[in-house]
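Here's the structure we're looking at; comments come further down.
Below, chains carry the letters A, B, ... as their sequence lines are ordered, and counting in each starts from 1.
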2 protein chains.
Amino acid sequence: MRHFINHTEENYLKAIYSLSQKPNQGVSTNAIAKSLDTKASSVTDMMQKLAEKGLVSYKKYYGVQLTSSGQLIALNTIRKHRLWEVFLVDKLSFNWDEVHEIAEQLEHIQSSELTNRLDIFLGNPKFDPHGDPIPNSQGEIENYHDTLLLSELEIGAFCTLVGVADSSSVFLKHLEKSQLKLGSEIRLINVFEYDRSLSIEVANIQRSISNRVADNLIVKPL
Amino acid sequence: MRHFINHTEENYLKAIYSLSQKPNQGVSTNAIAKSLDTKASSVTDMMQKLAEKGLVSYKKYYGVQLTSSGQLIALNTIRKHRLWEVFLVDKLSFNWDEVHEIAEQLEHIQSSELTNRLDIFLGNPKFDPHGDPIPNSQGEIENYHDTLLLSELEIGAFCTLVGVADSSSVFLKHLEKSQLKLGSEIRLINVFEYDRSLSIEVANIQRSISNRVADNLIVKPL
DNA sequence: ATATAATTTTAGGCTAATCTAAAAAATATA
DNA sequence: TATATTTTTTAGATTAGCCTAAAATTATAT
Ligand SMILES: [Mn+2]
Ligand SMILES: [Mn+2]
Ligand SMILES: [Mn+2]
Ligand SMILES: [Mn+2]
């Protein structure tokens, strides 16, 4: 009954999990292909394999959904990824924009003993350096509530930056240039009709950010 | 000119390096196959590939030798393996017999920045938990001198256990049962003709060990 | 409802890494 | 030296994961 899962399969399951969060049902072949930078035909092959292993339910032409065991593996991979990111930032002094690629490799190391000891060593962190919640060893994850995107905040409101929807290095470096980091207090001053750009106040300084940036900032209203 | 090296190639290079230590020249196809638990025909294929990449010099029917760039990769892989073993023991409190398999995975993570920061984080250790020297980032390794196998020590002599030639869990657990660990002071009392078994004294207690065990204990005479 | 477009699957191939069995070469033995 | 044994290489398959191109299916637009 216990199949072995390799890093390719872990990557597919993680991608499907991530795409399932936006709650349309049945993740499409094309969406997975785009997310993994591969071709739709390759995805179809893999979906048939994962379906045989009982990790996804797959109906031809209608996309896939994770089964509970598939979801558990996805969440465990995410757990490993985020714990390693914490390790890299907290212990090895990497910047938060440098850790994702390395964690993409480390997340595939197979040893639950290692993962759990790492968790303890790091002090059982609840969030990774990008504000993403870390699943526990049972695959339970804290769905952050009371949060929304900065682009959805109402004008005049105050909020705290608690997460980023894009962990790419180029985006994170861009944020740093605007003095934005996790925990920053932000006041939304205005949204301009023309290009949906936003005027915000951070650390007593007024700045302008694009709607593209605001769409990737997860905030908690104060 | 810079080729990418994957984990399969790293494993072959590491095996060739290790087999080169016993200084016969030209590592044989069969020896590599045995060391990697694969078939001679697979080894031949890979040797041709590694030769094309300039990582080994290969003469049909006469085995291979690492080139300097091949040796550098082998030593870097060994460096990563041993640093991760130190991490697992020193930081995550694993026992020395539990770390080898996990390090076999971690040694293939590709990021020199990670390796070097890990080295610093661990306090630039010179030896791994099994007493093996850790190459530096230039691939320089301290050849331990003044050491020999316990089976080669002369009767009556005192020594310190500084390394093990076998890192398997079963061997290391066996050592612990005999109160033997790195740093233990040992006096060789006698060697019995019949089965070449040894009588030793450790921590004021006299014990008997097999020649098989003594062949895997690296000691420094006092 | 039909035609067109988009998506998805299938068919057939490719590469890396492995295998078994057969052939070739080197080594050991008589 | 000639023969037997061992080692190594080659030939031909297999598998996972990927690809392109063509066919099938579903979705959209008149
Ligand atoms: Mn990440
Ligand atoms: Mn992250
Ligand atoms: Mn080891
Ligand atoms: Mn070791």
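As rounded to whole Å, 13 Å separates atom C1' of D/dT15 from atom CD of A/E9. Atom pair A/Y12:OH and D/dG17:P shows a separation of 9 Å (rounding to whole Å applied). The NZ atom of B/K39 sits 17 Å away from the C1' atom of D/dT15 (whole-angstrom rounding). Regarding A/D37, its CG atom lies at a distance of 17 Å from the P atom of D/dG17, rounded to whole Å. Look at CD1 on B/I32: it is 13 Å from C1' on D/dT7, rounded to the nearest Å.
Between A/E113 and A/R117, at least one side-chain nitrogen of the basic residue sits less than 4.0 Å from a carboxylate oxygen of the acidic one, meeting the salt-bridge criterion. B/E85 has no carboxylate O lying under 4.0 Å from a charged side-chain N of B/K80, or vice versa, which leaves the two without a salt bridge. Under a 4.0 Å N-O distance rule, the pair A/K173/A/D97 qualifies as a salt bridge.
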In B/S/- notation (B base, S sugar-phosphate only, - none; protein heavy atoms under 4.0 Å), nucleotides 2-16 of chain C written 5' to 3' is -----SBBB-----S

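For the OP1/OP2 pair of C/dA17 and a distance below 4.0 Å, the side-chain nitrogens and oxygens of B/T38 include no atom meeting the criterion.
You'll find the side chain of B/E104 reaches within 4.5 Å of the side chain of B/K14, heavy atoms only. Considering only heavy atoms from C-beta on, B/E9 comes within 4.5 Å of B/K53 through its side chain.
Under the 3.5 Å distance criterion, with hydrogens and angles disregarded, a donor-acceptor pair is assigned to the side chains of B/S197 and B/D195.
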